[in-house]
Amino acid sequence: TGIGGGVIENDHLLMGQRGLAAEVGHITVDPDGPPCSCGQRGHLEAISSGPAIARWVTQQIAQGAESSLKGDVSITAREVADAARQGDPLSNAAFQRAGLYFGRTMADLLHLFNPSVVVIGGGVSHSGELLFQPMRASLQQYAISPKYYDDLVITRAQLGDDAGLVGALARHPRRKLALRAGDGADVFCRDNPQAALPGHRRHQGSAPGAGSDGRVRGFALRGPVYG
């Protein structure tokens, strides 16, 4: 489990020369950061994924930090999210930290691809504003111009944990699967239409992120299932 990604341009998935493109989770965000499962250090996956959030809280408690989760044998990201909603300062700090790096990375991706839509899925996305609020603030801070996020649609993935299965089916050479994006996605978060940055407008395209020709251009970020 970790953080994956995909880039779509003109209705085609960017694969790269060897099919290895868009490893978003392995972008280095802190060279001196925690070790990643791949063996490198400071990757986004090692800081903002569900297991990384839970691991950071566990480490902080072991170093003496106070938390309502103190005493739990095996802390999960879902438990951290629940504790944060109940006002636990350490759990809130964990999501602030994850959102900061997530937003900073997203700003870099906006600079590279200038998409019209970003789809976020995986279990950690269910934490909602615990993650999205610091993510939006970080994105706004590190984007070099508001033009990168004006009218940008950031929405939750609609396929949930079945996204990988449906994607594999769509890629099958003998299968054709038409996936229609849901109508009326709100800028920056479908679940919180009031959370748009100043100057953002509700998207009016034929689908979230559709260009003037109706084609969707954007990228998807997916974290692990909770636990």
Side-chain angles (χ1 to χ4, degrees), residues 1-7 14 16 18-65 67 69-70 72-84 88-113 118-143 154 156-157 161 163-164 219-227:
T1 60
I3 296 177
V7 177
L14 177 66
R18 299 182 181 275
L20 302 175
E23 280 285 4
V24 176
H26 295 289
I27 293 175
T28 301
V29 296
D30 181 1
D32 298 319
C36 184
S37 59
C38 70
Q40 300 292 330
R41 300 189 71 88
H43 288 177
L44 180 65
E45 181 175 305
I47 295 176
S48 297
S49 68
I53 291 171
R55 185 164 52 248
W56 185 82
V57 170
T58 300
Q59 291 171 347
Q60 296 302 305
I61 291 175
Q63 294 173 12
S67 172
L69 295 173
K70 193 171 185 177
D72 284 13
V73 176
S74 181
I75 297 173
T76 66
R78 183 189 297 274
E79 291 173 337
V80 177
D82 290 341
D88 181 60
L90 181 63
S91 297
N92 271 297
F95 277 98
Q96 289 289 321
R97 175 176 179 265
L100 168 67
Y101 285 101
F102 196 10
R104 184 185 297 174
T105 303
M106 189 175 296
D108 290 339
L109 294 172
L110 296 186
H111 297 153
L112 284 172
F113 299 109
V118 175
V119 181
I120 300 176
V124 176
S125 68
H126 297 310
S127 61
E129 284 301 290
L130 289 173
L131 179 68
F132 293 144
Q133 185 278 324
M135 178 200 73
R136 287 193 302 269
S138 179
L139 187 159
Q140 185 180 24
Q141 177 182 356
Y142 289 101
I154 296 183
R156 290 263 301 275
D161 296 333
F219 57 80
L221 302 174
R222 187 176 189 278
V225 177
Y226 269 133

J.: Work out which heavy atom in Ala22 is nearest to a heavy atom in Val7; give both atom names and the distance.
T.: CB-CG2, 4.1 Å
J.: Any donor and acceptor pair, going by atom type alone, linking the side chain of Ser127 with main-chain N or O of Val124 inside 3.5 Å?
T.: yes
J.: Run the numbers on Thr28 and Gln40 for side-chain hydrogen bond (donor to acceptor under 3.5 Å, both in side chains), then give the verdict.
T.: CA-CA 9 Å; Thr28 301; Gln40 300 292 330; over 6 Å; no
J.: Answer whether the closest heavy-atom distance between the side chains of Pro134 and Leu100 falls below 4.5 Å.
T.: no
J.: Could you report the tightest heavy-atom contact between Ala46 and Arg55, atom names first, then the distance?
T.: O-NH2, 4.2 Å
J.: Can you tell me how far apart CG (Leu69) and OG (Ser91) are? Round to the nearest 0.5 Å.
T.: 4.5 Å
J.: Would you name the heavy atoms of Leu130 and Ala81 that are closest together and state the gap between them?
T.: CD1-O, 3.6 Å
J.: Decide side chain to side chain contact (heavy atoms under 4.5 Å, CB included) for Phe113 and Leu14; before the verdict, give the C-alpha distance in whole Å, the side-chain angles of both, and the deciding distance to 0.1 Å.
T.: CA-CA 11 Å; Phe113 299 109; Leu14 177 66; 4.3 Å; yes
J.: Test of understanding: with side chain to side chain donor-acceptor pair (under 3.5 Å), list the residues that count as partners of Ser67, not counting sequence neighbours.
T.: Asp88
J.: How about Ile120 and Ile154: do any of their side-chain heavy atoms sit closer than 4.5 Å?
T.: yes
J.: Enter the distance from Thr58:OG1 to Ile75:CD1 here, rounded to the nearest 0.5 Å.
T.: 4.0 Å
J.: Could you tell me whether the side chain of Pro34 reaches within less than 4.5 Å of the side chain of Ile47, counting heavy atoms only?
T.: yes
J.: Could you measure the distance from the CD1 atom of Ile27 to the SG atom of Cys36? Nearest 0.5 Å is fine.
T.: 12.0 Å
J.: Please tell me if the side chains of Asn92 and Pro89 come closer than 4.5 Å, counting only heavy atoms from C-beta onward.
T.: no
J.: Working to the nearest 0.5 angstrom, can you tell me the gap between Phe95 CZ and Leu90 CG?
T.: 11.5 Å
J.: According to ring-ring contact (aromatic ring centres under 6.0 Å, His included), does anything in residues 20-44 pair up with another residue at least two apart or in another chain? List the pairs.
T.: His26-His43
J.: Nearest 0.5 Å, what's the CG-CG distance between Leu44 and Leu109?
T.: 9.0 Å
J.: Taking Pro31's backbone N and O only, do any of them form a donor-acceptor pair with Arg41's side chain (distance below 3.5 Å, no angle check)?
T.: no
J.: Check whether any side-chain heavy atom of Arg136 sits under 4.5 Å from a side-chain heavy atom of Glu129, and report yes or no.
T.: yes
J.: Could you grab the distance from atom CD of Glu45 to atom SG of Cys38, nearest 0.5 Å is fine?
T.: 7.5 Å
J.: Holding to side chain to side chain donor-acceptor pair (under 3.5 Å), I want the full list of residues that pass it with Arg104, two or more places apart in sequence or in another chain.
T.: Tyr142
J.: Which atoms form the tightest heavy-atom contact between Ala143 and Ala107, and what is the distance?
T.: N-CB, 3.8 Å
J.: Can you check whether Gly42's main-chain N or O pairs, donor with acceptor, with Asp30's side chain at less than 3.5 Å?
T.: no
